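In this text, all values refer to a predicted model and were calculated from it rather than measured experimentally.
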Amino acid sequence: MAELNQDSGNKGKGGKVRSKKDGGKVDLTAMVDLAFLLITFFMLTTSLNKPQAMDVAMPDKNVETDKQTDVDVDEHRSVTLVLGSDDKLVWYQGDVKKPLQGPTVIDYSSEDGLRSVLMRMQKLVPQQAGGKDIIVVIRPSEKSVTRNIIDALDEMKIVDIKRYMISNRIMSEEIELLKKENLYND
């Protein structure tokens with residue numbers, strides 16, 4: 001039982017001893033019980049921040065695929081983003097050896113950056129490819145950081161691009177392109 005003892009505060013003056021009065025007792029048991037009940041209530045009813053995650057559809061590893069690993073895609077539909085160092089990337093449309101547009105160095109900013117390029121290409125590709133939608137290939141290099149991949153995926157969601165993929169195979173021509181633009185730095 002928790003209790004609070006108080007002194008009566010009457011000390012005698014002048015050598016007289018007065019009778020000691022009991023200052024009273026306050027039982028704190030009910031207050032302690034109430035405090036624990038409130039703590040328990042708030043712990044159980046508080047919602048914690050849930051981690052934000054983006055759904056990315058990945059192919060099933062157990063499914064047998066054809067021997068052909070490369071998929072032929074109309075060069076008018078494909079836009080490739082090669083992620084380099086210094087928070088910059090190079091984009092091009094079509095094949096890296098003979099691109100239809102680009103290669104152009106951009107950053108992840110919304111003004112004249114990745115978002116504006118994706119929005120422009122999202123309107124242009126259906127005109128070039130006979131109404132078919134855009135396919136974006138994201139290729140991170142060894143010099144890019146994880147934050148760059150997340151920024152690129154965020155832009156895919158913001159611009160509402162339905163078909164995109166992250167490729168872990170970066171071609172030697174693309175590495176040379178990054179080196180030429182000084183985006184393959186340590």
Side-chain angles (χ1 to χ4, degrees), residues 47-186:
S47 62
L48 301 176
N49 288 339
K50 295 179 181 173
Q52 297 177 353
M54 179 183 291
D55 294 330
V56 177
M58 300 297 285
D60 190 9
K61 291 182 180 182
N62 298 329
V63 175
E64 278 295 317
T65 57
D66 296 337
K67 299 293 181 198
Q68 180 184 5
T69 56
D70 293 331
V71 178
D72 292 329
V73 177
D74 183 14
E75 63 183 7
H76 293 285
R77 290 182 68 191
S78 70
V79 173
T80 305
L81 308 176
V82 184
L83 310 181
S85 62
D86 300 329
D87 292 332
K88 298 203 184 270
L89 63 112
V90 176
W91 77 274
Y92 61 89
Q93 181 185 14
D95 187 24
V96 69
K97 296 173 186 166
K98 292 192 296 184
L100 299 173
Q101 287 191 42
T104 307
V105 177
I106 56 172
D107 59 5
Y108 296 93
S109 67
S110 58
E111 301 172 9
D112 299 327
L114 181 58
R115 186 177 305 168
S116 64
V117 168
L118 290 174
M119 290 171 60
R120 182 169 36 95
M121 294 306 293
Q122 192 175 27
K123 293 176 185 172
L124 183 65
V125 166
Q127 296 170 359
Q128 294 176 343
K132 296 183 179 177
D133 60 345
I134 186 173
I135 299 172
V136 178
V137 179
I138 303 170
R139 292 202 171 138
S141 68
E142 293 176 357
K143 304 302 180 184
S144 65
V145 294
T146 305
R147 182 74 203 160
N148 296 147
I149 299 171
I150 294 170
D151 289 342
L153 289 174
D154 284 345
E155 294 300 327
M156 298 297 129
K157 194 74 165 176
I158 291 169
V159 179
D160 195 30
I161 292 183
K162 304 288 186 214
R163 298 177 189 261
Y164 58 90
M165 66 173 276
I166 302 171
S167 175
N168 60 354
R169 296 184 316 169
I170 188 166
M171 295 185 278
S172 59
E173 293 92 352
E174 292 170 335
I175 292 175
E176 291 302 319
L177 185 64
L178 289 174
K179 286 181 180 178
K180 183 177 103 177
E181 300 292 340
N182 292 327
L183 297 179
Y184 204 74
N185 303 330
D186 289 330

Taking atom [atom1] of [X] and atom [atom2] of [Y], what is their separation to the nearest 0.5 Å?
{"X": "Leu118", "Y": "Leu114", "atom1": "CG", "atom2": "CG", "answer": "4.5 Å"}
{"X": "Arg120", "Y": "Leu124", "atom1": "CZ", "atom2": "CG", "answer": "8.0 Å"}
{"X": "Ser78", "Y": "Arg163", "atom1": "OG", "atom2": "CZ", "answer": "13.0 Å"}
{"X": "Met156", "Y": "Ile134", "atom1": "CE", "atom2": "CD1", "answer": "7.5 Å"}
{"X": "Arg147", "Y": "Ile149", "atom1": "CZ", "atom2": "CD1", "answer": "11.5 Å"}
{"X": "Glu174", "Y": "Leu83", "atom1": "CD", "atom2": "CG", "answer": "10.0 Å"}

With side chains defined as the heavy atoms from C-beta onward, is the minimum distance between [X] and [Y] less than 4.5 Å?
{"X": "Leu81", "Y": "Arg139", "result": "no"}
{"X": "Val117", "Y": "Ile106", "result": "yes"}
{"X": "Leu178", "Y": "Lys143", "result": "no"}
{"X": "Lys132", "Y": "Val125", "result": "no"}
{"X": "Tyr108", "Y": "Leu89", "result": "yes"}
{"X": "Asn182", "Y": "Asp86", "result": "no"}
{"X": "Tyr92", "Y": "Leu100", "result": "no"}
{"X": "Val79", "Y": "Trp91", "result": "yes"}

Give the intermediate values and the outcome of side-chain contact (heavy atoms from CB on, under 4.5 Å) for residues Val90 and Val105. CA-CA 4 Å; Val90 176; Val105 177; 3.9 Å; yes
CA sep, side-chain torsions, deciding dist, call: Arg115, Ile158, side-chain contact (heavy atoms from CB on, under 4.5 Å): CA-CA 8 Å; Arg115 186 177 305 168; Ile158 291 169; 3.3 Å; yes
State whether the number of non-hydrogen atoms from other residues, nucleotides or ligands found under 6.0 Å of Glu173 atom CD is greater than 12.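 More than 12 heavy atoms, drawn from other residues, nucleotides or ligands, come within 6.0 Å of this atom.
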Go through Met121 and Gln101 one step at a time and tell me if the side-chain contact (heavy atoms from CB on, under 4.5 Å) criterion holds. CA-CA 10 Å; Met121 294 306 293; Gln101 287 191 42; 3.9 Å; yes
Among Ile166, Ile170, Asn148, find the residue that satisfies the side chain to side chain contact (heavy atoms under 4.5 Å, CB included) test when tested with Pro140.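 Result for side chain to side chain contact (heavy atoms under 4.5 Å, CB included) with Pro140: Ile166.
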Look at Asp133 together with Lys162 and state whether they make a salt bridge at an N to O cut-off of under 4.0 Å.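 Salt bridge flag = no for Lys162 with Asp133.
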My understanding is that only residues two or more places apart in sequence, or in another chain, count here; which of them pass side chain to side chain donor-acceptor pair (under 3.5 Å) with Gln122?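 In terms of side chain to side chain donor-acceptor pair (under 3.5 Å), with neighbours along the sequence ignored, Gln122 is linked to no residue.
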